[in-house]
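Below you'll find the structure, written out as structure tokens, and then a few comments.
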Amino acid sequence: MEEPGEGPVPDAREALERLLLDGPRRYTRLQVAALSGMAPERTQRLWRALGFPDASDDDPAFTDADIQALGVLSTLIDSGFVGPDSEASIARAMGQSLSRLADWQTDMLADALARAAGPDDSPEASAAEAVEAARALLPRLRQVQDYVWRRHLAANADRLLASAGPGDRRELAVGFADLVGYTSRSRGMGGRELGAMIEDFESTAAEVIARHSGRVVKTVGDGVLFTAGSGVAAVEIGLELPEVWAAEDRPPLRTGAAYGRVLTRLGDVYSPVVNMASRLTSLARPSTVLVDRELAQQLRGNAAYRVRPLRRVSVRGYDHLQPWLVQRRPAGEEDNPFEGMLDELADDVLEHPEDDEAS
């Protein structure tokens, strides 16, 4: 009779771990620190930053690959590429991004195995299939991940080679798009239905944003935060996304966007511009786009858009926020005297602004 912890499934788990970790677990955290030449407190801080729980002092949880990775990190620090004060932040950013990728790939592999499994498959057969599938797919996943990473670096080549100004401070348009009524609608959905809607939303948003040379910063359930290099690109994303997403069985989208100087750090963006875009999104009606004064100014005189000031409102952080509604201008509207008068009024507001007052 097999003892607990023995048998085909644990054996398969050990084989899968050896495959993924490039060898067996054999070192405690203190041994890893000693072999890598790093203080135990430092290795533990990096381990936590990567998103992993603490290992006890007598738990052989680490492999030769862990020691090699610490050696590579030391080389990067010695070269000046990574600063000692930023190593934990970089580890945290990588850990969060790759954890999500690993979750998705695990689900994908599990679904593939479930589709291939027959009704009479035993746990032993399923475990062996998982190991063999990982052995076959792991090299391909590495190749694809390396390719996508390099392509994203290449897409940032202009910024990488720019010599003027610090690389983490840039002029960007920042936009939010979120699903209106998501909370109430999601209460009546099953897990599979809700998951399918979120997947559709994220894939639709990613496609539209990429089409206009924007970048998805992050998605949070019912919303997506994105950036774009120009105000026109951000507005095109905000106008097109609700149109592409629209369907009777889907909640409508609304978008807010603002333009200005932002701090880009570890893949995220920080600035009052981000807060402004968030506030504008919360004010927008379904299927509409609201922008700030800076973005409205960029669109001034662009015959493709109708830009109209709305009533000032008070929201958290802003006592007298001036939203601007952006719409596509219908063909032939330039000959409409009434709309021409509204354009002049909008221009007058832009030329004689009363600054939005922050509280």
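The side chain to side chain contact (heavy atoms under 4.5 Å, CB included) test with Leu310 is passed by exactly one of Leu283, Leu290, Leu321: Leu290. Of the candidates Thr63, Asp59, Asp64, Asp66, Tyr27 forms a side-chain hydrogen bond (donor to acceptor under 3.5 Å, both in side chains) with just one, namely Asp64.
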### Message
Using side chain to side chain contact (heavy atoms under 4.5 Å, CB included), reason through Arg92 and Arg48 one step at a time and then give a plain yes or no.
### Response
CA-CA 8 Å; Arg92 183 166 56 252; Arg48 290 171 177 170; over 6 Å; no
### Query
Would Val307 and Arg300 count as a side chain to side chain contact (heavy atoms under 4.5 Å, CB included) if you check the C-alpha gap in whole Å, the side-chain angles of each, and the deciding distance to 0.1 Å?
CA-CA 8 Å; Val307 184; Arg300 184 182 183 187; over 6 Å; no
### Task
Could you walk me through whether Glu240 and Arg211 pass the side chain to side chain contact (heavy atoms under 4.5 Å, CB included) test, one step at a time?
CA-CA 10 Å; Glu240 184 177 329; Arg211 186 155 55 234; 2.3 Å; yes
### Steps toward side chain to side chain contact (heavy atoms under 4.5 Å, CB included) verdict (Phe226, Arg215)
CA-CA 5 Å; Phe226 64 89; Arg215 184 177 76 86; over 6 Å; no
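A salt bridge between Glu14 and Arg25 is absent, with no side-chain N of the basic residue lying under 4.0 Å from a carboxylate O of the acidic one. Electrostatic pairing of Asp146 and Arg150 counts as a salt bridge here, judged by a charged N lying under 4.0 Å from a carboxylate O.
The nearest pair of heavy atoms linking Thr255 to Thr281 is C-OG1, 4.0 Å. Shown here for Pro242 and Ser287, the closest heavy-atom pair between the two residues is CB-CA, 4.1 Å. For the pair Gly256 and Leu280, the tightest heavy-atom approach, listed with the atom from each and the gap, is CA-CB, 4.1 Å. Across all non-hydrogen atoms, the minimal contact from Ala284 to Arg254 is O-CD, 3.3 Å. Minimum interatomic distance between Pro323 and Arg312 (heavy atoms only, all atoms of both residues): CD-CA, 4.5 Å. Between Leu70 and Met38, the closest heavy-atom pair is O-CE, 3.5 Å.
Screening residues 279-291 for salt bridge (Lys or Arg N to Asp or Glu O under 4.0 Å), with sequence neighbours left out, gives no hits. Residues in residues 31-73 take part in these ring pair (Phe, Tyr, Trp, His ring centres under 6.0 Å) pairs, two or more places apart or across chains: Trp47-Phe52, Trp47-Phe62.
With a 4.5 Å cut-off on side-chain heavy atoms, Val262 and Thr264 count as touching. Side-chain atoms of Val72 and Gln68, non-hydrogen and from C-beta on, never get closer than 4.5 Å to each other. Taking 4.5 Å as the limit, every side-chain heavy atom of Pro60 sits out of range of all side-chain heavy atoms of Arg26. Side-chain contact check for Val291 versus Tyr259: every heavy-atom pair is 4.5 Å or farther apart. Proximity of Thr204 to Leu241: side-chain heavy atoms (C-beta onward) are separated by under 4.5 Å at one or more points.
For Gln31 (side chain) and Thr28 (main-chain N/O), a donor-acceptor pair under 3.5 Å exists by modelled atom type.
Legend: residues meeting salt bridge (Lys or Arg N to Asp or Glu O under 4.0 Å) with Asp58, ordered by chain and number and at least two apart, are absent.
Criterion: ILVMFWY side-chain heavy atoms under 4.5 Å apart, direct or through other members. Under it, Leu179 and Val216 are part of a common hydrophobic cluster. If you chain together hydrophobic residues whose side chains sit under 4.5 Å apart, Val180 and Val224 never meet in one group.
For the atom pair Lys218 NZ and Ser97 OG, the distance stands at 11.0 Å (nearest 0.5 Å). Note that the CZ atom of Arg293 and the CD atom of Gln298 stand 14.0 Å from one another [nearest 0.5 Å]. Atoms OG1 and CG, from Thr43 and Leu35 in turn, are 11.0 Å apart once rounded to the nearest 0.5 Å. The distance from atom CG of Leu50 to atom CZ of Arg45, rounded to the nearest 0.5 Å, is 12.0 Å. Atoms CH2 and CG, on Trp324 and Leu295 in that order, are 12.0 Å from each other to the nearest 0.5 Å. The CG atom of Leu73 sits 8.5 Å away from atom CD1 of Ile90, with the distance rounded to the nearest 0.5 Å.
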N/O donor to acceptor pairs below 3.5 angstrom from side-chain atoms of residues 227-239, sequence neighbours left out:
residue: Ser230; atom: OG; partner: Ala233; partner atom: N; Å: 3.1
residue: Glu236; atom: OE1; partner: Arg328; partner atom: NH1; Å: 3.3
residue: Glu236; atom: OE1; partner: Arg328; partner atom: NH2; Å: 3.0
residue: Glu236; atom: OE2; partner: Tyr305; partner atom: OH; Å: 2.5
residue: Glu236; atom: OE2; partner: Arg328; partner atom: NH1; Å: 3.0

Tabulate below the donor-acceptor pairs under 3.5 Å that side-chain atoms of residues 269-276 make, not counting sequence neighbours, or state none.
residue: Ser271; atom: OG; partner: Arg261; partner atom: O; Å: 2.8
residue: Ser271; atom: OG; partner: Val273; partner atom: N; Å: 3.0

Using a 3.5 Å cut-off and no angle test, enumerate the donor-acceptor pairs between side-chain atoms of residues 243-250 and protein atoms at least two apart in sequence or in another chain.
residue: Trp245; atom: NE1; partner: Pro251; partner atom: O; Å: 2.7
residue: Arg250; atom: NH1; partner: Trp245; partner atom: O; Å: 2.9

